[in-house]
Amino acid sequence: MVIEDKWITLKDGRKALLRNPGEADIEGMLEYLRVSAGETEFILRYPEECGKYTYEGEQKLFAQWNASEEDCVLICLVDGKVAGNCQIKFKTNLKTKHRASVAIALTKEFWNLGIGTQMFEELISIAKARPEVTQLELEFIEGNVRARALYEKMGFRIVAVHPNFIRLKNGKLLNEYLMVKEL
């Protein structure tokens, strides 16, 4: 799903661009995926697992996302650098069409600038444009207090827990929490 480019103002006064990813963003996205995976234990991949992502694979994925009516992926560019991305995925079955899932991630360099809040506002706006969508859903990993605070600020509440969802390299098991926001 393609949306109109949107300029946002960050807390430090800089401008950032929210838009659908394109071919010019592939190298930056590959770097973003690798960097973000190494900055926190709450991303579902380690940096060494990012080798499976290729230029051609990202090119194909971007084309699929941009042609889709059920997916909308946006990247945030700050000074030409991929700062993060977000996604909304609409359910398509008759019994689940009222639901959509959302996800968001930023590299640490761009934390605390208001990008996450503005990305969520854009995803919520996209969801509200579909009258049949009444519920947004997301997941976060136990211990990710920054993400949880943002999600709660945006109106999400915890409704379920998936025990032992991930196992870290050190053997520690962490739960995943499902959150819901009713529109």
Side-chain angles (χ1 to χ4, degrees), residues 1 18 21 29 32-53 61 64-65 68-76 82-183:
M1 173 185 313
L18 289 180
M29 190 65 162
Y32 156 78
L33 290 168
R34 187 191 58 74
V35 169
S36 64
E39 292 182 325
T40 174
E41 296 287 1
F42 308 120
I43 301 283
L44 297 182
R45 64 186 174 276
Y46 282 111
E48 61 269 23
E49 295 175 293
C50 293
K52 65 184 175 187
Y53 302 118
L61 196 55
Q64 288 173 344
W65 286 336
S68 173
E69 290 299 317
E70 288 79 41
D71 285 308
C72 183
V73 175
L74 303 175
I75 60 171
C76 179
V82 177
N85 74 330
C86 62
Q87 177 177 22
I88 186 165
K89 184 171 186 62
F90 296 97
K91 309 293 183 190
T92 58
N93 292 342
L94 290 175
K95 291 182 179 182
T96 58
K97 277 184 92 147
H98 66 289
R99 299 169 44 212
S101 59
V102 294
I104 185 171
L106 295 166
T107 55
K108 202 173 201 175
E109 175 184 355
F110 298 102
W111 289 0
N112 300 314
L113 293 173
I115 295 170
T117 298
Q118 292 189 68
M119 282 181 159
F120 262 109
E121 288 171 352
E122 189 64 24
L123 294 175
I124 291 166
S125 175
I126 291 167
K128 286 183 174 181
R130 293 186 177 210
E132 71 275 12
V133 177
T134 62
Q135 180 171 298
L136 295 180
E137 303 168 359
L138 60 79
E139 299 85 29
F140 77 95
I141 300 298
E142 174 184 3
N144 194 346
V145 295
R146 294 175 36 75
R148 180 178 178 173
L150 172 62
Y151 304 155
E152 288 175 343
K153 178 177 102 171
M154 300 309 297
F156 288 82
R157 62 184 171 80
I158 294 175
V159 296
V161 60
H162 187 159
N164 303 326
F165 186 76
I166 65 171
R167 182 187 307 265
L168 302 178
K169 287 179 179 178
N170 66 8
K172 183 176 182 179
L173 294 165
L174 297 175
N175 298 330
E176 177 188 62
Y177 294 92
L178 172 65
M179 298 185 87
V180 169
K181 173 185 175 67
E182 296 183 21
L183 298 178

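Quick caveat: nothing in here was measured; it's all calculated off a predicted structure.
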When rounded to the nearest 0.5 angstrom, what is the spacing between [atom1] in [X] and [atom2] in [Y]?
X	Y	atom1	atom2	value
Gln118	Leu113	CD	CG	10.0 Å
Gln135	Lys91	CD	NZ	10.0 Å
Leu74	Leu123	CG	CG	6.5 Å
Leu33	Cys50	CG	SG	5.5 Å

With sequence neighbours excluded, give me every side chain to side chain donor-acceptor pair (under 3.5 Å) pair touching residues 162-171.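 Of all non-adjacent pairs touching residues 162-171, those that pass side chain to side chain donor-acceptor pair (under 3.5 Å) are Glu48-Lys169.
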
(message) Applying side chain to side chain donor-acceptor pair (under 3.5 Å) as the test, list every pair that has at least one member in residues 95-107; sequence neighbours left out.
(response)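 Residue pairs passing side chain to side chain donor-acceptor pair (under 3.5 Å), neighbours aside: Arg99-Glu137.
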
Under the salt bridge (charged side-chain N to carboxylate O under 4.0 Å, His left out) test, residues paired with [X] that sit two or more places apart:
X	value
Glu69	none
Arg130	none
Lys89	Asp71

Report task. Just jot down the ring-ring contact (aromatic ring centres under 6.0 Å, His included) partners of Phe42, sequence neighbours excluded, or say none. Result ->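 Checked Phe42 against ring-ring contact (aromatic ring centres under 6.0 Å, His included); zero matches.
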
Measure the shortest side-chain to side-chain distance between [X] and [Y] over non-hydrogen atoms and say whether it is less than 4.5 angstrom.
X	Y	result
Ile126	Phe90	yes
Val159	Met179	no
Leu183	Ile124	yes
Val161	Leu178	no
Leu168	Leu173	no
Leu174	Phe165	no
Leu18	Ile75	no

Tell me the salt bridge (charged side-chain N to carboxylate O under 4.0 Å, His left out) pairs involving [range], sequence neighbours left out?
range	value
residues 33-46	Glu31-Arg34
residues 173-183	Arg157-Glu182
residues 106-127	Lys6-Glu122, Lys81-Glu109

Check for a donor-acceptor pair, side chain of Trp65 on one end and backbone N or O of Met1 on the other, with a separation under 3.5 Å.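 Absent.
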
If you take all heavy atoms of [X] and [Y], which pair is closest and at what distance?
X	Y	answer
Ile43	Ala105	CD1-CB, 4.2 Å
Ile115	Cys76	CG2-SG, 3.7 Å
Ala127	Val133	O-CB, 3.9 Å
Val102	Phe120	CG2-CE2, 3.9 Å

inquiry  = side chain to side chain contact (heavy atoms under 4.5 Å, CB included), that's the test. Do Tyr177 and Leu138 meet it? Break it down for me.
reply    = CA-CA 8 Å; Tyr177 294 92; Leu138 60 79; over 6 Å; no

Worksheet entry | Contacts of type side chain to side chain donor-acceptor pair (under 3.5 Å), residue Tyr32, not counting sequence neighbours |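 Listed in chain order: Asn85.
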
Show me the donor-acceptor pairs within less than 3.5 Å that the side chains of residues 144-156 make with the rest of the protein, sequence neighbours left out.
from, atom 1, to, atom 2, distance (Å)
Asn144, OD1, Ala147, N, 3.2
Arg146, NH1, Asn112, OD1, 3.2
Arg148, NE, Glu152, OE2, 2.9
Arg148, NH2, Glu152, OE2, 3.4
Lys153, NZ, Thr117, OG1, 2.7

TODO: Could you go through the side chain to side chain contact (heavy atoms under 4.5 Å, CB included) check for Leu44 and Ile141 one step at a time?
DONE: CA-CA 9 Å; Leu44 297 182; Ile141 300 298; 3.9 Å; yes

